[in-house]
Engineer: 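Just dropping this structure here.
We number each residue from 1, following the sequence as shown.
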Amino acid sequence: MKRNRVYILISIIFFLIYIFVICTTYNKNRNYLFKTTINNQLKLVSSYKQKFDERLSALKRIVETMGKKLIKKDKFKDFDSIKEMLTTAMISGDGFKSVYISYPDNFTISGRTDWYYSDDYIATKRPWYIEAINKKATIISKPYVGSPGFEDKLYISIASPIYDKNNKLLAVMSSDLELGTVQKELSELFPIKNGFAFLMTSDSKVIVQSNKLGFDFNNKKVKEFLHSFSKDKKGDKTFNLNDEKYIFTYEHLKNSDWLFVSVLEEKEIFKDLNQQLFMNLISSLILFILGLGTIIFMSITQKKLYDKHLLLGHFAKSPTWGILLTDKNGNIIFINKVFEQIFNIKSKSLYEKPLDTILHVLKNKKEQNKIDSFQDIKNNLFTIKSYNLDKNDKVYRVQITPLLNRFQKQLEGTIITLNDISHEKYLEKKDSEQEQILIQNSKMAALGEMVSAISHQWRQPLSTLLMLISNAEEIVEKNSLHKANNFLLRSKKTIELMNEIVNAFRNFYKEDFDKREFDLIKIINEIVLITLPQMKINAIELDFKYNKNINYKCRSYPSYIKQVLLNLITNAKDELCLVLKENPFFEAKISIELKKDKNYFYLIIEDNAKGVLKENKEKIFEPFFTTKAQGTGTGLYLCKLLVENKMHGEISLSKSKNPTRFLIKFGDTKNV
């Protein structure tokens, strides 16, 4: 009894130590998670701020360039020509609701077909005109109500004053954006599940928002808090409101006096961590109670257990394991209650009966090399048979073990155990779900850049289509139908090309995690098609080589192959962009080569960037290792995870530079 008291005391001490470790680990994890979230949020804000800056810079360039062209024309003699150029700029201006030029005498020419100059329109008193003149530079105005006839909406103007050599004002070139459109773009640009983003001026006035948390920006405390942002160019701050904590991260835009701000709820950051702490505490408490109960139970029954086979008694009375024992002749000598409950057997009804009477219920239909009789066990004395069995909506691990004498020559009996592994199978399923979330996050990380590249790439074919259709209409009026048909055929081909890009993009983001038969050439061509716009924008040559005489059909996971290939191409593109930044005349190249040898396929991805440093060669596939300023370190880790764990293949860095080469080997699951 004294020994049992010692066990109880030791259990209590270990339980308290375990609780202390859990709480200490929780605090460390909480601090780490908070710092990581802040850093990630700052990187995210910088990334999207940069995209917004690039968008504003592009719009500014359009306005300034158009103003320099139009000021050379006479506003009366060239009125129609000026209006036509403004209309064209408005169509190609990617969101402009109006493009117009206003002269100091209030005379205004607009690109809108539904607006013409009238004497009651005083351009020099409009907010955008006054702000541009005061600053003598291209400005992005604060929101204002539209001119007569368009008062139902708020607008933001990009206005650029034009001066002659003597610094005399010649005109103000301007373009309008609807505030609602900018707000929609911001919502799509910054898709945070448990937060939102907004733009505000340096004097703390919120102008555009994607408010998902119901924030009241008119609240006095909120206004005072936002005003503190103007002191620093970027940073993060925590704000308490109505007993809730919110984390603000912000950065100034370089093209205006606006700030890009994001908001996160602090409780959402620690939600999963708190839940994990609660589950750990509950689990430890349950285990402690079970352990304490077991010790107490052992102390009560200890005298009886010493009169019997102690080890067998402990094992046989397990509350979680099903146990069956036979003698050397295959007759059942013991079945515990768990075993009887699993198979609904009456207590002790099978004692002294042959094992063959119960073997049929232990068979798994999917299992090969089944044990059909006790003789099979005798014929394989040194073989432990182990497999999974589905029973009563649970999964059990069945293990059939021959028991040999101390000389390991003769069979003394057999022990059959059943262990409930349903929870382990559930955890395996959850791990698989987490892998799918990681894959989707990786896809979403590439989404913004792809959409931007494809949008940029489509501007040229759209302009071409507009020109071709206009030419066709003109030729039809002249009754030259053959030429018109020629233009229409060219228009059709342009549309078909754009449709191919959309289909490839849609196929990539379609949920498809099943193993199936497909053509590798088609899959790789889809990735080439959706990445080609990015390559063209960055002046990178992308080449795909394969033997056209070989059949590349295989049975595997097309979605995983696409994801791995996209990650490797994106990494190569990012490295080449750094080289091109230093040397714009560098001939950047990415090469994809597909080979087949018997039952295996080989994908080789090469680029002529600077390569991988020697000290990083062994680290590049580790999780969270990255050399990029804004990288997450999940790209190559995800590639390794998918190739090795899902596709049962191999991925390696076969050459670190001149060129950098990644090699992927995977099999056709029809044959491997």
Side-chain angles (χ1 to χ4, degrees), residues 55-183 199 201-203 205 207-208 255-258:
R55 167 125 167 85
L56 294 178
S57 295
L59 296 178
K60 277 186 173 182
R61 285 196 296 271
I62 292 174
V63 172
E64 291 172 347
T65 303
M66 183 59 64
K68 291 177 181 178
K69 290 181 180 179
L70 295 183
I71 203 63
K72 297 177 182 178
K73 295 180 178 291
D74 187 277
K75 61 185 176 183
F76 297 110
K77 292 180 181 180
D78 301 316
F79 178 88
D80 292 335
S81 173
I82 292 173
K83 189 170 185 65
E84 184 179 353
M85 291 177 69
L86 291 171
T87 302
T88 303
M90 188 176 71
I91 294 172
S92 62
D94 194 14
F96 287 153
K97 288 299 176 182
S98 180
V99 179
Y100 46 91
I101 184 168
S102 296
Y103 300 88
D105 60 357
N106 287 321
F107 188 84
T108 301
I109 305 175
S110 172
R112 292 186 67 141
T113 56
D114 56 349
W115 192 94
Y116 285 89
Y117 171 76
S118 60
D119 292 333
D120 58 348
Y121 179 80
I122 305 175
T124 55
K125 292 185 178 181
R126 300 298 293 165
W128 50 267
Y129 190 102
I130 296 171
E131 193 172 350
I133 296 303
N134 289 339
K135 291 192 176 180
K136 292 187 177 183
T138 304
I139 58 96
I140 301 173
S141 73
K142 296 177 182 178
Y144 64 91
V145 177
S147 59
F150 304 94
E151 300 95 335
D152 57 330
K153 294 179 180 177
L154 292 176
Y155 294 85
I156 295 173
S157 288
I158 300 174
S160 177
I162 307 167
Y163 297 91
D164 62 10
K165 294 180 179 179
N166 298 320
N167 206 26
K168 178 184 177 182
L169 179 67
L170 301 178
V172 175
M173 183 73 197
S174 184
S175 62
D176 294 343
L177 294 170
E178 277 188 19
L179 189 63
T181 303
V182 178
Q183 184 164 319
L199 291 172
T201 61
S202 56
D203 58 358
K205 183 178 180 182
I207 48 178
V208 183
N255 287 296
S256 68
D257 64 341
W258 299 352

Engineer: Going through the checks in order, is the side chain to side chain contact (heavy atoms under 4.5 Å, CB included) test met by Leu86 and Leu70?
Structural biologist: CA-CA 9 Å; Leu86 291 171; Leu70 295 183; 3.4 Å; yes
Engineer: To the nearest 0.5 Å, what is the distance between OG1 (Thr65) and NZ (Lys69)?
Structural biologist: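 So the OG1 of Thr65 and the NZ of Lys69 are separated by 7.0 Å.
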Engineer: When rounded to the nearest 0.5 angstrom, what distance separates CZ in Arg112 from NZ in Lys83?
Structural biologist: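 Spacing of CZ (Arg112) from NZ (Lys83) equals 10.0 Å.
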Engineer: Decide yes or no on side chain to side chain contact (heavy atoms under 4.5 Å, CB included) for Thr138 and Ile158, but give the supporting numbers first.
Structural biologist: CA-CA 7 Å; Thr138 304; Ile158 300 174; 4.2 Å; yes
Engineer: Got a second to check how far Lys136's NZ is from Leu169's CG, nearest 0.5 Å?
Structural biologist: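 If I round to the nearest 0.5 Å, the distance is 9.5 Å.
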Engineer: Could you measure the distance from the CD1 atom of Ile82 to the OG1 atom of Thr87? Nearest 0.5 Å is fine.
Structural biologist: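 Here the interatomic distance stands at 11.5 Å.
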Engineer: Considering non-hydrogen atoms only, spot the tightest contact between Tyr103 and Leu170 and give its length.
Structural biologist: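 So the two residues come closest at CD2-O, 3.5 Å.
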Engineer: To the closest 0.5 Å, what do you measure between NZ (Lys135) and CD1 (Ile130)?
Structural biologist: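 Output value for this atom pair is 13.5 Å.
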Engineer: Charged N to carboxylate O under 4.0 angstrom, Lys75 versus Asp105?
Structural biologist: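 Here Lys75 pairs with Asp105 in a salt bridge, since their nearest N and O are under 4.0 Å apart.
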Engineer: So Leu177 and Ser175, side chain to side chain contact (heavy atoms under 4.5 Å, CB included) or not? Walk me through it.
Structural biologist: CA-CA 7 Å; Leu177 294 170; Ser175 62; 5.8 Å; no
Engineer: Aromatic rings Phe79 and Phe107: how do their planes relate, parallel, tilted or perpendicular, breaks at 30° and 60°?
Structural biologist: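 Ring orientation, 0 to 90° scale: perpendicular.
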Engineer: Sub-3.5 Å donor-acceptor pair from the side chain of Asn106 to the main-chain atoms of Thr124, do we have one?
Structural biologist: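 The answer is yes, because a donor-acceptor pair under 3.5 Å joins these two groups.
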Engineer: Rounded to the nearest 0.5 Å, what's the gap from CD1 on Ile140 to CD on Glu131? Could you check?
Structural biologist: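 Those atoms lie 10.0 Å apart.
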Engineer: Name the one of Lys73, Met85, Lys72, Glu84 that satisfies side-chain contact (heavy atoms from CB on, under 4.5 Å) with Asp78?
Structural biologist: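 Result for side-chain contact (heavy atoms from CB on, under 4.5 Å) with Asp78: Lys73.
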Engineer: Tell me, with the steps shown, if Ser160 and Glu64 meet side chain to side chain donor-acceptor pair (under 3.5 Å).
Structural biologist: CA-CA 6 Å; Ser160 177; Glu64 291 172 347; 4.6 Å; no
Engineer: Does the side chain to side chain contact (heavy atoms under 4.5 Å, CB included) test come out yes or no for Ile162 and Val172, once each step is laid out?
Structural biologist: CA-CA 6 Å; Ile162 307 167; Val172 175; over 6 Å; no
Engineer: Over all heavy atoms of both residues, which pair between Tyr129 and Pro104 is shortest? Give the atoms and the distance, please.
Structural biologist: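 Looks like OH-CA, 3.6 Å.
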Engineer: Check whether any side-chain N or O of Asp74 sits under 3.5 Å from a backbone N or O of Phe76 as a donor-acceptor pair, and report yes or no.
Structural biologist: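 Answer holds: yes.
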Engineer: Work out which heavy atom in Met90 is nearest to a heavy atom in Ser98; give both atom names and the distance.
Structural biologist: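 Nearest pair, atom of Met90 first, then Ser98: SD-CA, 3.5 Å.
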